[in-house]
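Written out below as structure tokens is the structure these notes cover.
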Amino acid sequence: MEIIFKKALKSKLIFLTIFLCIPSYTKEYKDLFNVYYPIDSTSNIQKTLNESFNVMVFRLSGSSSPSNIWKIINAGNPREKYILSYTSKSIDNKSYLVTNFNQELFMQTFLELDIPLVGYSRPSILLLINIQDGINEGYFLSSNNIISNDLNNALLDLIKKTELYRGVFIDLPELDLIEMQKQKEKNFLTQGNHSVANKYNYDELINIELVNTGINAWEVSGDISQLEVSNITEGLLGSVESLLKDKIDTLLVQKALKSSSTSIVNISIIGINTFEDYKEVKNSLNKSFITKDISLSSYNNNEVEFKIEIYGTEEDFKKDFSSFLVFNFLEESDDYIKYRYIND
């Protein structure tokens with residue numbers, strides 16, 4: 001099932017951005033304008049499309065408040081006009097409605113209504129959940145060592161849903177064989193967080209400890225204020241969901257696109273060996289929300305120099321550009337910032 005709504009894309013979008021000058025391990029969220037919304041045989045397609053639109057606004061604004069949704073609608077913008085296409089898709093035996101939204105139209109609306117927005121560069125969260133369920137030996141919820149039970153399945157569903165709805169990366173540790181064995185040691189779960197976390201780059205580290213203290217009784221601690229809950233869905237999962245929401249809100253607000261001042265950045269990119277390489281590099285530069293205008297300065301062998309008008313400062317550009325994995329920073333001079341293009 002697929003319906004395509006053709007849109008006229010007549011003018012280049014002006015993107016705005018400003019980033020805080022803090023260490024960042026953001027990554028490019030390539031599926032930013034595709035929303036995956038769970039459906040079943042009884043789902044109302046129009047209602048699901050409306051919900052998908054809401055998710056798109058949450059992603060772009062960095063806020064989970066519905067106020068921006070109503071700001072767009074009250075300005076006379078129907079949800080339907082932002083949809084390019086939608087189709088149903090099965091993933092891991094679950095059905096989703098996948099809706100592709102019009103990036104340029106969304107950006108224009110956000111700018112016109114003065115709504116902050118967050119681009120493709122998205123924060124990464126490392127989530128260390130220490131679980132002592134009273135049945136198995138204590139363990140970390142891991143991407144490669146999953147004990148299948150109601151608790152773990154519910155946590156994994158929550159993590160996946162949060163990633164899809166907010167457009168962020170929530171990573172679980174991938175333990176090696178030595179760490180899997182060490183999980184059985186008495187002190188590893190209380191002392192191992194630091195050694196596990198050191199293997200990863202992240203913008204935010206979240207530590208959560210879940211301890212089963214009796215029948216339908218759990219104690220939650222760590223980065224969550226210590227509490228005791230009896231209902232895993234309403235209590236424990238609700239606490240984890242609330243913590244993730246607060247952390248994500250803070251991280252995305254830091255990346256809100258707000259600056260209207262412009263400046264010029266000159267960059268040099270080596271490793272451009274074909275015209276296809278050049279097109280890929282140009283597409284990446286255009287994708288960046290900080291880019292206003294691009295002009296080609298020179299081309300010599302496999303090195304291309306660009307003059308780029310941006311919103312914000314040179315530091316803003318470098319932080320935004322660092323999320324694109326196809327570029328490696330090489331050096332910086334008074335004249336240029338030099339990168340290497342990696343074509344795998």
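Since we're looking at a predicted model, the values are computed, not measured.
- When only modelled atom types and interatomic distance are considered, E219 and T213 share no side-chain donor-acceptor pair under 3.5 Å.
- Looking at every heavy atom in both residues, L32 comes nearest to M56 through O-CE, 3.1 Å.
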Can F169 and Y29 be said to form a ring-ring contact (aromatic ring centres under 6.0 Å, His included), step by step?
-> CA-CA 8 Å; F169 299 94; Y29 196 90; 5.5 Å; yes
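- Here the side chain of Y37 pairs no donor or acceptor atom with the backbone of I39 at under 3.5 angstrom.
- Contact between I72 and N77 at its shortest, heavy atoms only, is O-ND2, 3.1 Å.
- Residues N283 and K279 bring no donor and acceptor atom of their side chains to less than 3.5 Å of each other.
- T291 places no side-chain N or O within 3.5 Å of a backbone atom of D293 that could act as its donor or acceptor partner.
- R122 places a side-chain N or O within donor-acceptor distance of the main-chain N or O of R166, the cut-off being under 3.5 Å.
- The aromatic ring centres of F58 and Y165 sit 6.0 Å or more apart.
- A salt bridge links K318 to E332: at least one charged side-chain nitrogen sits closer than 4.0 Å to a carboxylate oxygen.
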In sequence, state the C-alpha distance, the side-chain angles, and the governing distance for I248 and I125, and then conclude on side-chain contact (heavy atoms from CB on, under 4.5 Å).
-> CA-CA 9 Å; I248 292 170; I125 296 171; 3.7 Å; yes
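- Although no hydrogens or angles enter the test, the distance criterion places no donor-acceptor pair under 3.5 Å between the side chain of N266 and the main chain of Y336.
- Residues L97 and S88 approach most closely at CD1-N, 4.3 Å, considering heavy atoms.
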S67 and S65: side chain to side chain donor-acceptor pair (under 3.5 Å), yes or no, with the steps?
-> CA-CA 5 Å; S67 60; S65 168; 3.1 Å; yes
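- Atom CG of N68 and atom CD1 of I73 lie 11.0 Å apart (nearest 0.5 Å).
- Below 30°, between 30° and 60°, or above 60°: for Y339 and F327 the angle between ring planes is above 60°, a perpendicular geometry.
- K94 approaches D157 most closely through the heavy-atom pair NZ-OD1, 3.2 Å.
- Note on ring orientation: taking the six-membered ring where Trp is involved, the planes of F101 and F106 are perpendicular (angle over 60°, cut-offs 30° and 60°).
- At distances below 3.5 Å, not a single donor-acceptor pair connects side-chain atoms of N328 with backbone N or O atoms of R340.
- N149 places a side-chain N or O within 3.5 Å of a backbone atom of L151 that can act as its donor or acceptor partner.
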